[in-house]
Q: 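Take a look at the following structure, please.
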Amino acid sequence: QVELVESGGGSVQAGGSLTLSCAASRYSGNCMAWFRQPPGKEREGVAAIYLSGGATFYHDSVKGRFTISQDNPKRTVYLQMNSLKPEDTAMYYCAADWEGLGGSSCGAWIIPDFGYWGQGTQVTVSS
């Protein structure tokens with residue numbers, strides 16, 4: 001059974017930085033991503049990484065501020081978040097796509113394509 005365990009959320013002032021980690025167990029697919037869900041809003045894709053090759057994808061709102069990376073042997077994905085803004089406040093979720101997709105929709109952030117989810121970690125940015 002695939003398990004995703006996130007860590008690294010917290011509270012920070014605007015302009016600050018945080019790094020989120022997501023460790024995957026028993027996952028053999030090709031795409032891992034970070035989603036976020038602000039209070040009262042829908043879940044949205046933030047960043048994704050194609051594990052075979054390392055191609056990365058970003059939502060326009062975080063380009064230039066967030067960086068997704070991987071430690072492949074450890075099956076761990078990181079989200080480095082810099083220049084944080086109050087509008088980045090949300091519950092952040094790590095997700096991995098269904099193995100059968102082969103990562104084909106990585107970066108499209110189609111929620112049903114992601115069959116595995118972490119428990120979420122809260123990020124709060126104060127002004």
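Along the sequence shown, residues are numbered consecutively beginning with 1.
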Q: Between M32 and C22, what is the shortest heavy-atom contact and its length?
A: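 Reported closest heavy-atom pair: CE-SG, 3.8 Å.
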Q: Does a side chain donor of either Q1 or Y116 reach within less than 3.5 Å of an acceptor in the other side chain?
A: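 No, because no side-chain N or O of Q1 sits under 3.5 Å from a partner of the opposite role on Y116.
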Q: Would you find a donor on one side and an acceptor on the other, under 3.5 Å apart, between the side chain of E6 and the backbone of Q119?
A: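 Side chain of E6 to backbone of Q119, a donor-acceptor pair under 3.5 Å: yes, one is there.
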Q: Are Y92 and V12 joined in one hydrophobic group, where the rule is that I, L, V, M, F, W and Y side chains link up if heavy atoms are under 4.5 Å apart?
A: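 Y92 and V12: one cluster.
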Q: I need the minimum non-hydrogen distance between I110 and S105, along with the two atoms involved.
A: CD1-CB, 4.5 Å
Q: Indicate, with yes or no, if V46 and V125 share a hydrophobic cluster defined by side-chain heavy-atom contacts under 4.5 Å among Ile, Leu, Val, Met, Phe, Trp and Tyr.
A: yes
Q: Would you check if the side chain of R65 reaches a backbone N or O of S83 as a donor-acceptor pair within less than 3.5 Å?
A: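 Pair found, side chain donor or acceptor close to backbone of S83.
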Q: Give a yes or no on whether V77 and V2 share a hydrophobic cluster (residues Ile, Leu, Val, Met, Phe, Trp, Tyr; joining criterion: side-chain heavy atoms under 4.5 Å apart).
A: yes
Q: Given 3.5 Å as the limit, does a donor-acceptor pair link the side chain of Y27 with the main chain of N30, or not?
A: yes
Q: Could you give me the CA-CA distance, side-chain angles and deciding distance for F114 and W98, then say whether ring-ring contact (aromatic ring centres under 6.0 Å, His included) is met?
A: CA-CA 6 Å; F114 289 86; W98 296 106; 9.9 Å; no
Q: Among residues at least two apart in sequence or on other chains, which ones pass salt bridge (Lys or Arg N to Asp or Glu O under 4.0 Å) with R43?
A: none
Q: Could you grab the distance from atom CH2 of W34 to atom CG of L20, nearest 0.5 Å is fine?
A: 4.5 Å
Q: Which heavy-atom pair separates L79 from A47 by the least distance, and what is that distance?
A: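 Distance-wise, the nearest heavy atoms are CD1-CB, 3.9 Å.
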Q: Does anything in residues 15-25 pair up under side chain to side chain donor-acceptor pair (under 3.5 Å), and if so which pairs, sequence neighbours excluded?
A: S17-N82, T19-Q80
Q: Evaluate the ring-ring contact (aromatic ring centres under 6.0 Å, His included) criterion for residues F35 and W117: first the C-alpha distance (whole Å), next the side-chain angles of each, then the deciding distance (0.1 Å), finally the verdict.
A: CA-CA 10 Å; F35 288 75; W117 293 83; 4.9 Å; yes
Q: May I ask you to decide if I68's main-chain N or O and Y58's side chain share a donor-acceptor pair within less than 3.5 Å?
A: yes
Q: Does atom CD of Q37 have more than 12 heavy-atom neighbours from other groups under 6.0 Å away?
A: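 Correct, the count exceeds 12.
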Q: How long is the gap from CE on M81 to CZ on R36, to the nearest 0.5 Å?
A: 9.0 Å
Q: In the single-linkage hydrophobic clustering (I, L, V, M, F, W, Y; side-chain heavy atoms under 4.5 Å), do Y93 and L18 co-cluster?
A: no
Q: Is the backbone N or O of D113 less than 3.5 Å from a side-chain atom of D97, with the two atoms forming a donor-acceptor pair by type?
A: no
Q: In plain terms, say whether D60 and K63 are close enough for a salt bridge, that is, a side-chain N and a carboxylate O under 4.0 Å apart.
A: yes
Q: Okay, side chain of Q70, backbone of L51: is any donor-acceptor separation there less than 3.5 Å?
A: yes
Q: Quick check: is V123 connected to W109 through a chain of hydrophobic side chains (ILVMFWY, heavy atoms under 4.5 Å apart)?
A: no
Q: Calculate, to the nearest 0.5 Å, the distance between atoms CD and OG belonging to Q13 and S127 respectively.
A: 9.0 Å
Q: Check A33 against A48 and note the closest heavy-atom contact, atom names and distance.
A: CB-CB, 3.7 Å
Q: In Å, rounded to the nearest 0.5 Å, how long is the span from OG1 of T56 to OH of Y50?
A: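 Atom-to-atom, T56:OG1 and Y50:OH are 14.0 Å apart.
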Q: Checking Q122 now: which residues fulfil side-chain contact (heavy atoms from CB on, under 4.5 Å) with it, not counting sequence neighbours?
A: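 T89, M91, T124.
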